[in-house]
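What follows is one structure encoded as structure tokens, with my remarks underneath.
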2 protein chains.
Amino acid sequence: MTQKIEKLLKDQGVRPTAMRILIYKYLLEKNVAVALTDIENAFAKSDRTTLYRSVKTFEEKGIVHQIEDGTGIKKYALCEDGCNCEIDTDLHLHFHCSTCNETVCLTEHKIPHINLPTGYTAENVNLVVKGICDKCSSQQKTIR
Amino acid sequence: MTQKIEKLLKDQGVRPTAMRILIYKYLLEKNVAVALTDIENAFAKSDRTTLYRSVKTFEEKGIVHQIEDGTGIKKYALCEDGCNCEIDTDLHLHFHCSTCNETVCLTEHKIPHINLPTGYTAENVNLVVKGICDKCSSQQKTIR
DNA sequence: TGTTCTATGCAATGGAAGTGCATTTTGGAA
DNA sequence: TTCCAAAATGCACTTCCATTGCATAGAACA
């Protein structure tokens with residue numbers, strides 16, 4: 001496992017330090033997009049700056065992508081296999097649950113093509129749906 | 001003009017103070033979504049808190065809507081006539097220009113219906129396209 | 001006119017992102 | 001193996017924006 005991650009990081013041109021491997025593992029086991037603060041809380045021993053810069057590096061090397069989920073807090077999630085973060089092919093929508101406050105990547109849901117007025121050029125599309133996620137809505141049912 | 005705004009505010013249950021009328025006028029003449037800082041710069045005389053709370057009140061009363069354009073800075077724009085900020089009817093997309101840094105509401109462009117996985121309920125949809133706006137792209141042409 | 005509710009202004013707080021610099025660690029060359 | 005240079009880490013700050021508490025000014029209404 002660790003070796004796989006190590007190889008993966010190396011392949012992307014990122015030195016597989018102990019901390020980075022841990023961060024990668026953390027992102028892997030969380031299936032939601034996480035904020036820097038989340039990572040910080042998970043690794044109280046490490047400094048925020050290290051985490052910040054590690055994630056930044058991951059982002060530059062195409063290992064994670066940043067998500068703006070409308071909360072104003074930047075979230076990060078691992079890219080899918082073969083993701084180039086390219087417009088019209090890789091862009092999926094994100095769902096932000098207003099109950100549990102988690103943001104998930106709905107990678108199978110591609111963003112439909114958007115027609116813009118003349119003169120406008122799109123470089124990036126960000127689609128966030130806010131509502132209640134499946135976990136929260138099923139919990140609600142159970143309680144009642 | 002001022003009287004129209006005054007009536008409009010009253011109708012929405014907002015006391016039409018001098019400051020609020022000015023803010024409303026400002027939002028009206030800007031056809032882009034503005035940040036609190038923008039309003040602050042436009043009215044250096046007034047306190048940031050006043051502006052903050054005025055806009056907040058506007059938002060609560062359905063006079064403006066808040067926009068998350070992916071910059072992490074909250075933007076505000078006047079609601080269209082008859083806008084209820086309702087899903088599937090009023091939701092339009094926003095365009096953020098990475099050159100001039102302005103965010104416009106493309107109100108005529110409604111967001112296509114999104115199919116979510118089972119268990120997910122949508123309350124709100126936010127679609128932001130980032131790229132170059134018409135003004136900036138035509139300027140570029142002119143320069144070259 | 002007086003009372004009460006609302007709006008305003010000032011000061012301060014808090015959260016998150018980002019930077020500069022010193023120190024440690026790591027990988028590779030000698 | 002040892003040493004050097006580059007990269008990573010940790011600490012201390014800074015900045016920017018959002019938000020709140022409290023005291024004061026102002027408006028509406030009895």
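First the proteins, then the strands, lettered A, B, ... as listed; each starts at 1.
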Results of salt bridge (charged side-chain N to carboxylate O under 4.0 Å, His left out) for B/Asp11 - residues two or more places apart only: B/Lys7
Going from [atom1] on [X] to [atom2] on [Y], what distance comes out if it is rounded to the nearest 0.5 angstrom?
| X | Y | atom1 | atom2 | answer |
| --- | --- | --- | --- | --- |
| A/Leu9 | A/Thr17 | CG | OG1 | 8.0 Å |
| A/Lys75 | A/Thr37 | NZ | OG1 | 9.0 Å |
| B/His109 | A/Asn115 | NE2 | CG | 6.5 Å |
| A/Ile23 | A/Leu51 | CD1 | CG | 5.0 Å |
| B/Asp134 | B/Ile132 | CG | CD1 | 11.5 Å |
| B/Ile67 | B/Asn126 | CD1 | CG | 8.5 Å |

Residues 101-108 of chain A, side-chain donor-acceptor partners within the protein, below 3.5 Å, at least two apart:
unit_1	atom_1	unit_2	atom_2	d
A/Asn101	OD1	A/His96	NE2	3.2
A/Glu102	OE1	A/Lys135	NZ	3.2
A/Thr103	OG1	A/Asp69	OD2	2.6
A/Thr103	OG1	A/His96	ND1	2.9

Salt bridge (charged side-chain N to carboxylate O under 4.0 Å, His left out): pairs with one or both residues in residues 12-28 of chain A, sequence neighbours excluded: none
Under the salt bridge (charged side-chain N to carboxylate O under 4.0 Å, His left out) rule, what pairs show up with a residue in residues 43-65 of chain B, not counting sequence neighbours?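 Of all non-adjacent pairs touching residues 43-65 of chain B, those that pass salt bridge (charged side-chain N to carboxylate O under 4.0 Å, His left out) are B/Glu40-B/Arg48.
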Which of residues 14-39 of chain A have a heavy atom under 4.0 Å from DNA chain C?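 By residue number: A/Arg15, A/Leu36, A/Thr37.
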So, for A/Phe95 and B/Tyr120, is the gap between ring centers shorter than 6.0 Å?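 Centroid distance A/Phe95-B/Tyr120: below 6.0 Å, so yes.
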Qualifying residues under side chain to side chain donor-acceptor pair (under 3.5 Å), relative to B/Lys74, sequence neighbours excluded: none
Map A/Thr49 and B/Lys74 onto DNA chain D by nearest heavy atom, then report which one ends up closer to the 5' terminus. A/Thr49
Any donor-acceptor pair under 3.5 Å from B/Thr50 side chain to B/Ser46 backbone: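 No, B/Thr50 side chain to B/Ser46 backbone: no donor-acceptor pair under 3.5 Å.
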At the 4.0 Å heavy-atom cut-off to chain B, mark where contacts on DNA chain C begin and end, going 5' to 3'.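 From 5' to 3', the first and last contacting nucleotides are C/dT6 to C/dA11.
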So the contacted stretch of DNA chain D, first to last nucleotide with an atom under 4.0 Å from a non-hydrogen atom of chain A, runs from D/dA7 to D/dA12
List the residues meeting side-chain contact (heavy atoms from CB on, under 4.5 Å) with B/Cys79, not counting sequence neighbours, and say none if there are none.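 With neighbours one apart ignored, the set is B/His65, B/Cys83, B/Cys85.
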Non-neighbouring partners of B/Leu22 that pass side-chain contact (heavy atoms from CB on, under 4.5 Å), sequence neighbours left out: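 B/Met19, B/Phe43.
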Any residue in residues 50-67 of chain A with a heavy atom nearer than 4.0 angstrom to DNA chain D? Just list them by number, or reply none.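 Correct list: A/Thr50, A/Arg53, A/Ser54.
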Bending between helix ends of the helix from C/dT1-D/dA30 to C/dA30-D/dT1 [5 pairs per end, 10° resolution]: 10°
